[in-house]
Structure formats: structure tokens, C-alpha cells
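These notes are about the structure you will find just below.
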Amino acid sequence: MTRTFALLLVAALAACGSTGKREKAESQGDWSPKFERAKALYEIRDEKSGTRVGFVEKTTYDDGRVVYWVTDAERTLKHGYMTPNNRGYKYDWVAGVRSENAEFIGADTFQANARKILEYGRPVTLHEVAWEDLLKEFQEPAGGGKKE
């Protein structure tokens, strides 16, 4: 779990660039992202089946910037992010390596942006999750059963 957190922290620090010229100039200035903490966590679920397809994690940095990271269902890979003004950005993956800069995919609702970032073909919903519940889920032994 510690290793996963460390990898997510490194990915968060490496992924804070933007593609717009004006935004790039603003974000590339003297800003060095320092992780504060994730404020909220949302499951991305298929609207019909309720199956988890990913997560949205609201992260606030020490200078007040807010980023909504979109990860896969295991929270291992960050596929992109959204800004508070509903702008979505998606990373390209080539041979298992994430592109350096995220591509702007448009401004839409958080649900629609999350679906586009994950390249999921059906409508999704967002459901807030308590960090404690998620921690318990990931700490359970495989199979979810009791040890005998």
C-alpha cells in the first residue's frame, strides 16, 4: 500500500502540466506542485450496471490549486484530470508509458469528462466514497472471505 501511495505521489507531481499556451505559461512559472492531500474520492460507476470503472480524486495543492485526477478501477494509473471549471485533459499511453503532456478533450460535466478520459463507451455516475471504506476494501484478503 505504501508503494502504491508513493507511485501515485510521484505520478501526481509529474503530471501537473497543461497544454494551452496561456495556461502553460501560468502553470510553468514558479509553481512547483507540493502535494497537500486528497480531499474527496468518487467512484465512477457504469450508470446501468453499477460496476466500478474508475475513480475521481479531488486533490488540493499547497497553493490552492485543485485537480480532479481520473484513475482506473484499481487506482493504479492516472489516465487524465479535470479542472474545477470542467475542462478535461487525457494522457496518451504508448507501450505502457504515459505521454508527458495531457491533451485537452473539451469542457463537459465531470461524469462526461471522466467517461471520455477512461475511454468508457457508456454513461457513468459519480458516487462519493469514504477513504476508510476504500482502505478496508483494499486490505481485505483476495476472495474477500474469512481466513480459517
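Sequence positions, counted from 1, serve as the residue numbers for this chain.
- The hydrophobic cluster containing L126 also contains I105, counting ILVMFWY residues as joined when their side-chain heavy atoms lie under 4.5 angstrom apart, directly or transitively.
- When the side chain to side chain donor-acceptor pair (under 3.5 Å) test is applied to S99, no partner is found at least two apart in sequence or on another chain.
- Annotation for G54 and L118: closest pair CA-CD1, 4.1 Å, computed over non-hydrogen atoms.
- At a threshold of 4.5 Å between side-chain heavy atoms, the hydrophobic network of Ile, Leu, Val, Met, Phe, Trp and Tyr places V66 and L41 in two separate groups.
- Note on ring orientation: taking the six-membered ring where Trp is involved, the planes of W93 and H79 are tilted (angle from 30° to 60°).
- Scored by the ring pair (Phe, Tyr, Trp, His ring centres under 6.0 Å) test, Y68 finds F110 as partners (sequence neighbours excluded).
- With sequence neighbours excluded, the residues satisfying salt bridge (Lys or Arg N to Asp or Glu O under 4.0 Å) with R122 are D46.
- One finds the CD atom of E43 at 7.5 Å from the NE2 atom of H127 (value rounded to the nearest 0.5 Å).
- Annotation: the span from Q111 atom CD to T125 atom OG1 amounts to 7.5 Å, rounded to 0.5 Å.
- Under a hydrophobic-cluster definition in which Ile, Leu, Val, Met, Phe, Trp and Tyr are linked whenever side-chain heavy atoms come within less than 4.5 Å, directly or via other members, Y120 and L77 are assigned to different clusters.
- A112 pairs by the side chain to side chain contact (heavy atoms under 4.5 Å, CB included) definition with D108, T109, not counting sequence neighbours.
- Cluster membership for V70 and Y42, using ILVMFWY side-chain heavy atoms within less than 4.5 angstrom, is shared.
- Between M82 and G88 the shortest heavy-atom distance is CG-CA, 4.3 Å.
- Note on V53 and I117: same hydrophobic cluster, where clusters join Ile, Leu, Val, Met, Phe, Trp and Tyr whose side-chain heavy atoms are under 4.5 Å apart, directly or indirectly.
- Under the salt bridge (Lys or Arg N to Asp or Glu O under 4.0 Å) criterion, E119 pairs with K90, sequence neighbours left out.
- Between I44 and A114, the shortest heavy-atom distance links the atoms CD1-CB, 3.7 Å.
- D72 meets the salt bridge (Lys or Arg N to Asp or Glu O under 4.0 Å) test with no other residue; sequence neighbours excluded.
- For the pair R98 and Y91, the cation-pi criterion (under 6.0 Å, within 45° of the ring axis) is fulfilled.
- The minimum heavy-atom distance linking A40 with E128 is given by the pair CB-OE2, 4.1 Å.
- A salt bridge links R75 with E57: the distance from a Lys NZ or Arg NE/NH1/NH2 to an Asp or Glu carboxylate oxygen falls below 4.0 Å.
- Under the 30°/60° scheme for interplanar angles, the aromatic rings of Y81 and Y89 are found to lie parallel.
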Derivation and outcome, side-chain contact (heavy atoms from CB on, under 4.5 Å), residues V56 and W69: CA-CA 5 Å; V56 172; W69 292 103; over 6 Å; no
